[in-house]
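Worksheet: one structure, shown below.
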Amino acid sequence: MATGINRQILLKSRPNGAPGPDNFELARSPVPEPGDGEVLTRTRYLSLDPYMRGRMSAAKSYARPVEVGEPMVGGTVSEIVTSRNAKFAVGDIVMGYGGWQDYALSNGAGLRKLDPAVAPVSTALGVLGMPGMTAYVGLLEIGQPKPGETVVVAAASGAVGSVVGQIAKIKGCRAVGIAGGPDKCRFVVQELGFDACIDHRATDFTRQLEATCPAGIDIYFENVGGAVQQAVWPLLNDFARIPVCGLIAQYNAATPVPGPDMSSVLRKRLTLRGFIVWDFAARQADFLRDAGEWVRSGRLKYREDVVDGLENAPAAFLGLLQGKNFGKLLVKVA
Ligand SMILES: NC(=O)c1ccc[n+]([C@@H]2O[C@H](COP(=O)([O-])OP(=O)(O)OC[C@H]3O[C@@H](n4cnc5c(N)ncnc54)[C@H](OP(=O)(O)O)[C@@H]3O)[C@@H](O)[C@H]2O)c1
């Protein structure tokens with residue numbers, strides 16, 4: 001049985017713009033007692049992650065916000081200190097979502113036992129945890145990297161970005177990181193083995209990025225949005241892929257960011273993919289078979305707007321650009 005005090009960091013108020021210390025409150029309460037089937041865990045490591053900024057806001061998102069007065073949510077690596085659940089023994093180390101507090105109760109659901117022999121247990125919150133998996137699935141499933149391609153990722157020294165670039169290298173790609181400051185950039189190249197890393201705070205950042213990606217960019221793993229995104233987009237190659245993972249540069253924005261609402265691309269998991277009809281030339285026979293049948297059977301209707309005389313083509317065309325046509329615009333030439 002654990003006695004003593006459980007310190008908790010509560011959400012005290014919701015921030016408008018950048019959060020500050022006043023949005024949090026340190027509270028103390030007695031260490032709770034586990035009920036039947038429950039365990040009491042003592043937090044060893046608490047993960048701090050960008051998504052927590054979203055949980056501080058009441059804005060509709062993919063996850064429920066933290067209520068004012070509740071402890072902040074967070075991934076934890078903890079030790080079982082009391083167990084009334086047969087699946088867990090005192091001393092077990094587990095990954096869970098204990099939140100910003102010394103102790104947490106759990107019924108065991110969502111707890112994953114860790115083996116300290118495999119790797120330091122803290123890695124369950126980073127490279128072998130949610131951020132590492134984010135990098136892995138985002139790059140491999142959505143990015144579809146191919147050998148020789150150029151992969152660009154920002155926040156490259158961070159939890160997700162560091163893994164993105166290293167997996168890109170494992171897959172035979174050229175990995176270009178973007179990070180804040182020369183120390184982070186040096187680490188990304190020298191320790192992590194990226195091919196290059198550019199400081200997004202440098203005054204000539206855009207020029208450096210362009211010079212570092214002479215063959216353009218095939219995968220932009222989006223972690224930040226903002227000014228970095230604007231520098232990257234002109235360099236994207238045909239058929240480039242953009243796993244939209246995070247937009248940290250925008251998380252504190254108090255007013256909508258100009259341009260298309262990329263945050264809804266992320267929040268609603270929208271698929272955004274450009275195409276030109278002839279990318280699918282191989283489907284032409286299928287199209288003619290299906291559409292021909294639908295037109296014949298009346299399931300596919302159409303309307304034509306026919307202009308008489310070739311000499312009227314210019315005016316008709318100019319009208320098309322002003323919405324004057326009603327249906328498929330054609331010129332009857334003869
Ligand atoms: N979709 C998902 O399931 C999922 C899961 C995990 C993480 N994420 C997202 O992945 C991104 C990286 O997360 P992480 O956990 O790996 O964090 P992290 O990279 O370890 O730490 C955040 C980094 O973001 C960069 N940053 C902060 N403000 C910035 C700004 N205004 N402009 C440009 N860069 C800025 C900073 O790096 P520099 O100093 O190098 O700029 C900072 O160190 C975040 O956007 C996060 O929300 C998404």
Side-chain angles (χ1 to χ4, degrees), residues 6-29 43 45-77 95-102 104-106 109-110 125-126 129-135 137-138 142 153-161 164 178-180 200 220-230 232 242-272:
N6 184 26
R7 292 169 307 155
Q8 300 181 306
I9 310 278
L10 313 179
L11 178 65
K12 188 177 169 198
S13 58
R14 299 202 186 283
N16 179 31
D22 290 351
N23 297 124
F24 302 100
E25 179 180 5
L26 174 65
R28 291 183 167 82
S29 56
T43 309
Y45 295 99
L46 163 68
S47 181
L48 295 180
D49 298 271
Y51 74 82
M52 294 166 177
R53 175 63 187 85
R55 299 288 205 281
M56 296 176 79
S57 295
K60 197 163 175 261
S61 188
Y62 59 93
R64 185 179 82 77
V66 175
E67 295 302 332
V68 171
E70 275 184 355
M72 287 287 295
V73 290
T76 47
V77 166
M95 191 274 149
Y97 282 85
W100 296 26
Q101 52 187 346
D102 290 318
L105 288 178
S106 168
L125 300 173
M130 180 277 283
M133 180 158 159
T134 300
V137 298
I142 302 175
V153 62
S157 69
V160 174
V164 168
I178 296 170
H200 66 85
Y220 172 48
F221 194 101
E222 177 64 284
N223 270 342
V224 301
V228 169
Q229 180 191 83
Q230 285 180 19
V232 163
I242 307 181
V244 180
C245 174
L247 299 160
I248 195 167
Q250 300 172 194
Y251 291 172
N252 286 333
T255 52
V257 177
D261 177 15
M262 290 298 285
S263 76
S264 60
V265 174
L266 174 56
R267 228 170 355 97
K268 299 181 181 173
R269 288 79 136 189
L270 307 182
T271 299
L272 195 72

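Numbers for residues simply follow the sequence, beginning at 1.
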- Query: Within a strict 4.5 Å, meaning less than it, do heavy atoms of the I178 and V232 side chains meet?
  - Reply: yes

- Taking side chain as C-beta onward, heavy atoms only, is I248 less than 4.5 Å from N223? no

Counting only pairs under 3.5 Å, give me each side-chain donor-acceptor contact of residues 22-29, with atom names and distances, residues two or more places apart or in other chains.
unit_1 : atom_1 : unit_2 : atom_2 : d
N23    : OD1    : G20    : N      : 2.8
N23    : ND2    : S13    : O      : 3.4
N23    : ND2    : S13    : OG     : 2.9

Which heavy atom of [X] sits nearest to which heavy atom of [Y], and what is that distance?
{"X": "G126", "Y": "P131", "value": "O-CD, 3.6 Å"}
{"X": "I142", "Y": "P243", "value": "CG2-CA, 3.8 Å"}
{"X": "L266", "Y": "C245", "value": "CD1-O, 3.4 Å"}
{"X": "V66", "Y": "L11", "value": "O-CD2, 3.6 Å"}
{"X": "Q250", "Y": "G225", "value": "OE1-CA, 4.0 Å"}
{"X": "A63", "Y": "R55", "value": "CB-CZ, 3.3 Å"}

- Query: What is the distance from atom CG of L125 to atom OG1 of T76, rounded to the nearest 0.5 Å?
  - Reply: 7.0 Å

- Task: Can you measure from OH (Y220) to CD (Q229) and round to the nearest 0.5 angstrom?
- Result: 6.0 Å

- The side-chain hydrogen bond (donor to acceptor under 3.5 Å, both in side chains) partners of Q8 (sequence neighbours excluded) come to Q101

- By side-chain hydrogen bond (donor to acceptor under 3.5 Å, both in side chains), S47 pairs with (sequence neighbours left out) D49

- Query: Is a side-chain donor or acceptor of R269 paired with a backbone partner of R267 at a separation under 3.5 angstrom?
  - Reply: yes

- Test side-chain contact (heavy atoms from CB on, under 4.5 Å) applied to L48 - qualifying residues, sequence neighbours left out: L46, M52, W100

- Item | Non-neighbouring partners of R64 that pass salt bridge (charged side-chain N to carboxylate O under 4.0 Å, His left out), sequence neighbours left out | E67, E70

- For D102, what residues pass the salt bridge (charged side-chain N to carboxylate O under 4.0 Å, His left out) criterion, not counting sequence neighbours? R7

Show every donor-acceptor pair shorter than 3.5 Å between a side-chain atom in residues 251-262 and any protein atom, with sequence neighbours excluded, or say none if there are none.
unit_1 : atom_1 : unit_2 : atom_2 : d
Y251   : OH     : L247   : N      : 3.1
N252   : OD1    : R53    : NE     : 2.7
D261   : OD1    : S263   : N      : 3.1
D261   : OD1    : S263   : OG     : 2.7
D261   : OD1    : S264   : N      : 3.4
D261   : OD2    : S264   : OG     : 3.3

